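Heads up, the thing below is written out as structure tokens.
What you are looking at is a predicted structure, and each value in this text was computed from that prediction instead of being measured. Keep in mind that the numbers below use all heavy atoms, side chains included, and drop hydrogens, waters and symmetry copies. Letters A, B, ... are given to chains in the order of the sequence lines, protein chains preceding strands, and every chain is numbered from 1.
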2 protein chains.
Amino acid sequence: MKTLVEPTLNLPEPNAHNHQQCVHDALKTAEHLCSERGVQLTSIRHQVLELIWESHKAVKAYELLDRIKPLQNAAKPATIYRALDFLIAQGLVHRVESLNAFVGCRCSGHQHEQLLLICKQCEEVEERTAGKVMQALAEEFRQAGFTAHSKAVEVHGLCRRCAGLGEA
Amino acid sequence: MKTLVEPTLNLPEPNAHNHQQCVHDALKTAEHLCSERGVQLTSIRHQVLELIWESHKAVKAYELLDRIKPLQNAAKPATIYRALDFLIAQGLVHRVESLNAFVGCRCSGHQHEQLLLICKQCEEVEERTAGKVMQALAEEFRQAGFTAHSKAVEVHGLCRRCAGLGEA
DNA sequence: AAGCGGATGATATAATATAGCCCATAACCA
DNA sequence: TGGTTATGGGCTATATTATATCATCCGCTT
Ligand SMILES: [Zn+2]
Ligand SMILES: [Zn+2]
Ligand SMILES: [Zn+2]
Ligand SMILES: [Zn+2]
């Protein structure tokens, strides 16, 4: 006997939003920025970026490799890692250290402080600016006499949606 | 011909403190905690912990493997990773995600929020409680509807000493 | 003695990442 | 025109990090 809806399966679209728009925006932004900066968003780099943006999950390098092979028959690990190096340097992609994986940057275009909320359930990564956190960090650095070069904060847990489903 | 002192080399002891005391305390604490908890700080686990505490740098698993071989001839990767799993579970060691390396925990004994300040120069890792940062993070989670399970903040940069030497 | 769980041994392999060398192209310069 | 450099990427190999699986050992309980 079932109720009309099955809550835990009722996920037609992970994280309701127009993802095609997401991807389109990200790629357009990337194209503009690279053009402005006089760097080359080559075919391979573009394809890798597109693959990364297929979802908001962090994606592994070798998964990208598998997925790009139909397009780039000659692709080898270095092919992917070189593209990733470029995309990261341009601030278009973040490396998620705690997963050895990569995710598209939503505030594209410049290196910046970031808070990554990583859901253990749906694996999506939400990027937030978290100004207060960064301020508190800055104060902590001042006390410690530490000169920060990178500030990546990665937190694992459950996103709103997945936590909600868990309770239901 | 030499001057009396060689400033840039004048680092007889990285981060001036009684490190033997450091190590001694860490090991004693570990022994007590494991005993209290009824878990076994076996010979291998003790040795690995001791090796990790040889410095305040984050140390790689295979480096530990090399260094433990004289003591444990049969040591294989799994030997180290198992010991590390145990030590991490007991809150005696932190994994530094952004380095794939491991460092002794100075607030030993319980899982806890941590801010790790990782020096690119001397490679030492300073662990701080950073209450303000954690509070700001908690507020950010509340806004995002995120349920955090792990909160590890890793920041790369220059420690006070190394930044000082750079200026000097 | 038999049975159990935790720890370790032993072997193999998976997963992640980089090194180094070469070649093609395009831009830039003598 | 020809040389030179910079960049991107193919290709091979290898380094580094981590886990899976099954066997064995040991202390403890029944
Ligand atoms: Zn989207
Ligand atoms: Zn989720
Ligand atoms: Zn010390
Ligand atoms: Zn330092």
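Although no hydrogens or angles enter the test, the distance criterion places a donor-acceptor pair under 3.5 Å between the side chain of Arg67(B) and the main chain of Leu51(B). The main-chain N or O of Leu99(B) is found under 3.5 Å from a side-chain atom of Lys60(B) such that the two form a donor-acceptor pair.
Distance, Leu99(B) CG to dA18(D) C1': 16 Å, rounded to whole Å. Remark: C1' of dT16(D) and CG of Leu65(B) are 12 Å apart, rounded to the nearest angstrom.
Taking the 5.5 Å centre cut-off and the 30° plane limit, the aromatic side chain of Tyr62(B) is classed as stacked on dT17(D).
Residue Pro77(A) places its side chain closer to dA17(C) than to any other of dA7(C), dA17(C), dG10(D). Of the candidates dT8(C), dA19(C), dA10(C), the closest approach to any side-chain atom of Ala78(A) belongs to dA19(C).
Phosphate proximity of dA17(C) to Arg95(A): present, with a side-chain N or O under 4.0 Å from OP1 or OP2. The side chain of Lys60(B) places an N or O atom within less than 4.0 Å of a non-bridging phosphate oxygen (OP1 or OP2) of dT17(D). Regarding contacts with the backbone of dG9(D), a side-chain N or O of Arg45(A) is found under 4.0 angstrom from either OP1 or OP2. Dashed line: the shortest gap from a side-chain N or O of Asn100(B) to OP1 or OP2 of dT16(C) is not under 4.0 Å.
Judged by distance alone with a 3.5 Å cut-off, a donor-acceptor contact links the side chain of Arg82(B) to the base of dG9(C).
The number of heavy atoms from other shown groups lying within 6.0 Å of NE2 (His32(B)) does not exceed 12.
At a cut-off of 3.5 Å, with distance as the only test, a side-chain donor of Gln90(B) or Arg37(B) sits close to an acceptor on the other residue.
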